Q: 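Supplied in structure tokens, the structure appears directly below.
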Amino acid sequence: MKHKKLTILATTTMLLFLCGCGGSDTVAQVLDDSEKVTELSDQDDNTTDNSAITVEFKTEGTYDLSDYLFSLPTLTQKTFSVKTYTDDTDPTDTVYGTQDGTTSFYTQTYDIDGNQRIYKEDGEIDTTYTLLDDRIQSEDTSVSQPVDIARFADTGNYLSDTNRTLTYKDTNTAVNFKIQCRLKEQLASKNNFQDVLQIFCQSDNELYNGEFFYAKGIGSILEINSLCTQDTAGDLNCTNIVSEYRTLN
């Protein structure tokens, strides 16, 4: 079965989690170059139970994600590098493909206002997160309703299940899909950071995969967004967008 390009999926998933978010500019360029869409709309974002998974919003668990997704108040500015790789045929391995272009950088700043965490990218407000007793709500101008993320979780738990509709300009046809994210595991270390949670996200057609790594008290340290197309033979051709927190040495 031939699949149309669904490269817009990465932008959707970036709304679900505290990614470095500066990679969104790179994703937007990929979209401009490769996909003509009329509209990406959100369906019932608060849907938490369907035939595939259940997202449980609870008030306790092994991990409080707010300890990992957000930086401590003493770390209010971070610099990320963004690299784009093309022609990857297997997004499940650690080979990203061929680097396309030069490395770009952006600055993320972070403010606290009561139970809200406000992130800016190069000085512009990017996303606002609201901490509630059982969930974290993500608000962005590109979706009409807040996206709910489970705040407390155990290893293997699903954290979000978000439905989307993609409408194509050329044919005026709509494709419905969903992106599901789960807490994969806790790592002792990653990229020289200690106590790291790995979150894995995937679209139901498996043409988008996202890996997100968050260090406790630091926030996002590494994100890998894989945007794939599939030909009639079932072979994949993926673009990988890799955003990495760069510390000063």
Side-chain angles (χ1 to χ4, degrees), residues 10 12-21 23 45-50 52-76 78 80 92 94 108 110-119 126-140 146-162 178-203 208-226 242-245 247:
T12 305
T13 300
M14 287 183 180
L15 301 177
L16 298 180
F17 279 96
L18 275 175
C19 61
C21 297
D45 279 341
N46 294 317
T47 298
T48 59
D49 191 4
N50 56 39
I53 70 165
T54 298
V55 177
E56 183 181 0
F57 296 107
K58 50 192 179 182
T59 56
E60 60 180 15
T62 304
Y63 305 102
D64 179 348
L65 266 70
S66 68
D67 293 334
Y68 292 84
L69 300 184
F70 303 105
S71 307
L72 292 173
T74 53
L75 180 60
T76 59
K78 297 163 69 178
F80 288 82
T92 64
T94 57
Q108 179 193 80
Y110 159 63
D111 295 318
I112 299 175
D113 184 6
N115 67 337
Q116 291 190 324
R117 306 295 183 266
I118 304 166
Y119 279 78
D126 186 67
T127 311
T128 298
Y129 301 88
T130 302
L131 276 65
L132 303 176
D133 291 340
D134 63 349
R135 68 195 67 196
I136 299 170
Q137 289 188 327
S138 167
E139 293 185 81
D140 186 276
V147 174
D148 285 342
I149 305 166
R151 176 172 175 175
F152 294 91
D154 304 311
T155 301
N157 284 174
Y158 281 92
L159 305 175
S160 65
D161 179 27
T162 305
K178 58 189 168 190
I179 297 175
Q180 301 166 342
C181 298
R182 63 182 173 86
L183 176 55
K184 186 174 181 180
E185 61 181 324
Q186 180 194 35
L187 305 175
S189 64
K190 179 75 174 180
N191 287 11
N192 295 319
F193 292 97
Q194 308 302 308
D195 192 359
V196 175
L197 291 187
Q198 180 182 5
I199 293 172
F200 179 76
C201 299
Q202 187 175 60
S203 62
Y208 166 76
N209 291 284
E211 288 187 87
F212 303 86
F213 298 86
Y214 304 93
K216 189 172 185 178
I218 302 296
S220 175
I221 59 170
L222 177 65
E223 307 151 21
I224 306 164
N225 285 282
S226 298
V242 181
S243 302
E244 184 175 3
Y245 172 37
T247 59

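What you see is a predicted model; the values in this text were computed from it and never measured.
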Q: Which heavy atom of Ala215 sits nearest to which heavy atom of Gln194, and what is that distance?
A: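 Reported closest heavy-atom pair: CB-O, 4.0 Å.
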Q: Would you say the side chains of Asn157 and Tyr63 form a donor-acceptor pair under 3.5 Å?
A: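 Looking only at side-chain atoms, Tyr63 and Asn157 do not form any donor-acceptor pair under 3.5 Å.
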Q: State whether the side chain of Asp134 and the backbone N or O of Thr59 hold a donor-acceptor pair below 3.5 Å, judged by distance alone.
A: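 Absent.
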Q: Within the 4.5 Å heavy-atom criterion, are Val55 and Leu159 side-chain neighbours or not?
A: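 When only atoms from C-beta onward are counted, Leu159 and Val55 do not touch, as no gap falls below 4.5 Å.
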Q: Taking all non-hydrogen atoms of both residues, which atom of Leu222 and which atom of Glu244 are closest, and how far apart?
A: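 Nearest heavy atoms, Leu222 then Glu244: CD1-CB, 4.2 Å.
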Q: Just by modelled atom types, is the Glu211 backbone N or O under 3.5 Å from a matching donor or acceptor in the Lys184 side chain?
A: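 Looks like no, no N/O pair under 3.5 Å.
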Q: Could you measure the distance from the CD atom of Gln108 to the OG1 atom of Thr127? Nearest 0.5 Å is fine.
A: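 Going from the CD atom of Gln108 to the OG1 atom of Thr127 covers 9.0 Å.
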Q: In Å and rounded to the nearest 0.5 Å, what is the OG to OH distance from Ser220 to Tyr214?
A: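 Here the rounded value is 5.5 Å.
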Q: Where is the tightest heavy-atom contact between Leu75 and Tyr245, given as atom of each residue plus distance?
A: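 The answer is CD1-OH, 3.8 Å.
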Q: Side-chain contact test, heavy atoms from C-beta onward, threshold under 4.5 Å: evaluate it for Arg117 versus Thr128 and give yes or no.
A: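 No, their side chains stay 4.5 Å or more apart.
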Q: Can you name the residues that form a ring-ring contact (aromatic ring centres under 6.0 Å, His included) with Phe152, not counting sequence neighbours?
A: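 Here no residue qualifies.
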Q: Quick one: pull up CG in Leu132 and CD1 in Ile149 and give me the separation to the nearest 0.5 Å.
A: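 Output value for this atom pair is 11.0 Å.
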Q: Testing the basics here: between Ser66 and Ile136, what is the closest heavy-atom pair and its distance to 0.1 Å?
A: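 Scanning both residues, the minimum pair turns out to be N-CD1, 4.2 Å.
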Q: So which atom in Ser160 and which in Asp148 form the shortest heavy-atom distance, rounded to 0.1 Å?
A: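 The pair with the smallest heavy-atom distance is CB-O, 3.8 Å.
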Q: Nearest 0.5 Å, what's the CD-CD1 distance between Glu139 and Ile118?
A: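 One finds 10.5 Å between CD of Glu139 and CD1 of Ile118.
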Q: Measuring only between side-chain heavy atoms, which start at C-beta, is Val196 closer than 4.5 Å to Tyr68?
A: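 No, their side chains stay 4.5 Å or more apart.
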Q: Tell me whether the rings of Phe70 and Tyr110 are parallel (<30°), tilted (30 to 60°) or perpendicular (>60°).
A: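 Judged by the thresholds at 30° and 60°, the geometry between Phe70 and Tyr110 is parallel.
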Q: Below 4.5 Å, heavy atoms only, C-beta onward: do Lys178 and Thr162 meet side chain to side chain?
A: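 Result no, sub-4.5 Å side-chain heavy-atom pair not found.
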Q: Using the ring of Phe57 (Phe, Tyr or Trp, six-membered ring only), decide whether Arg135 places NZ or CZ under 6.0 Å from its centre and within 45 degrees of its axis.
A: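 Output yes; distance and angle both within limits.
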Q: For Phe212 together with Phe200, are the ring centres under 6.0 Å from each other?
A: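 No, the ring of Phe200 stays outside the 6.0 Å limit from the ring of Phe212, centre to centre.
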Q: Suppose we screen for salt bridge (charged side-chain N to carboxylate O under 4.0 Å, His left out). Which residues come up paired with Asp154, at least two apart in sequence or across chains?
A: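 So Asp154 forms a salt bridge (charged side-chain N to carboxylate O under 4.0 Å, His left out) with Lys58.
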Q: Regarding Gln202 and Gln180, do their side chains bring together a donor and an acceptor under 3.5 Å, going by distance alone?
A: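 The answer is no; no qualifying pair exists.
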Q: If I compare all heavy atoms of Leu187 with all of Glu185, which pair ends up nearest, and what's the gap?
A: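 Distance-wise, the nearest heavy atoms are CD2-CD, 3.6 Å.
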Q: In sequence, state the C-alpha distance, the side-chain angles, and the governing distance for Asp111 and Tyr119, and then conclude on side-chain hydrogen bond (donor to acceptor under 3.5 Å, both in side chains).
A: CA-CA 7 Å; Asp111 295 318; Tyr119 279 78; over 6 Å; no
Q: In Å and rounded to the nearest 0.5 Å, what is the CZ to CD1 distance from Phe193 to Ile221?
A: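 Spacing of CZ (Phe193) from CD1 (Ile221) equals 5.5 Å.
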Q: For Asp64, is there an ion pair with Arg151 - N to carboxylate O distance below 4.0 angstrom?
A: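 Counted as a salt bridge, because a side-chain N and a carboxylate O are separated by less than 4.0 Å.
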Q: Atom SG of Cys181 and atom OH of Tyr158: how far apart are they, to the nearest 0.5 Å?
A: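 It is 10.0 Å, given to the nearest 0.5 Å.
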Q: When you measure from the side chain of Ser71 to the backbone N and O of Thr76, does any donor-acceptor pair fall under 3.5 Å?
A: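 Judged by distance alone, no pair lies under 3.5 Å.
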Q: Taking only residues two or more places apart in sequence, or in another chain, which ones meet Asp195 in a salt bridge (charged side-chain N to carboxylate O under 4.0 Å, His left out)?
A: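 Result, salt bridge (charged side-chain N to carboxylate O under 4.0 Å, His left out) vs Asp195: none returned.
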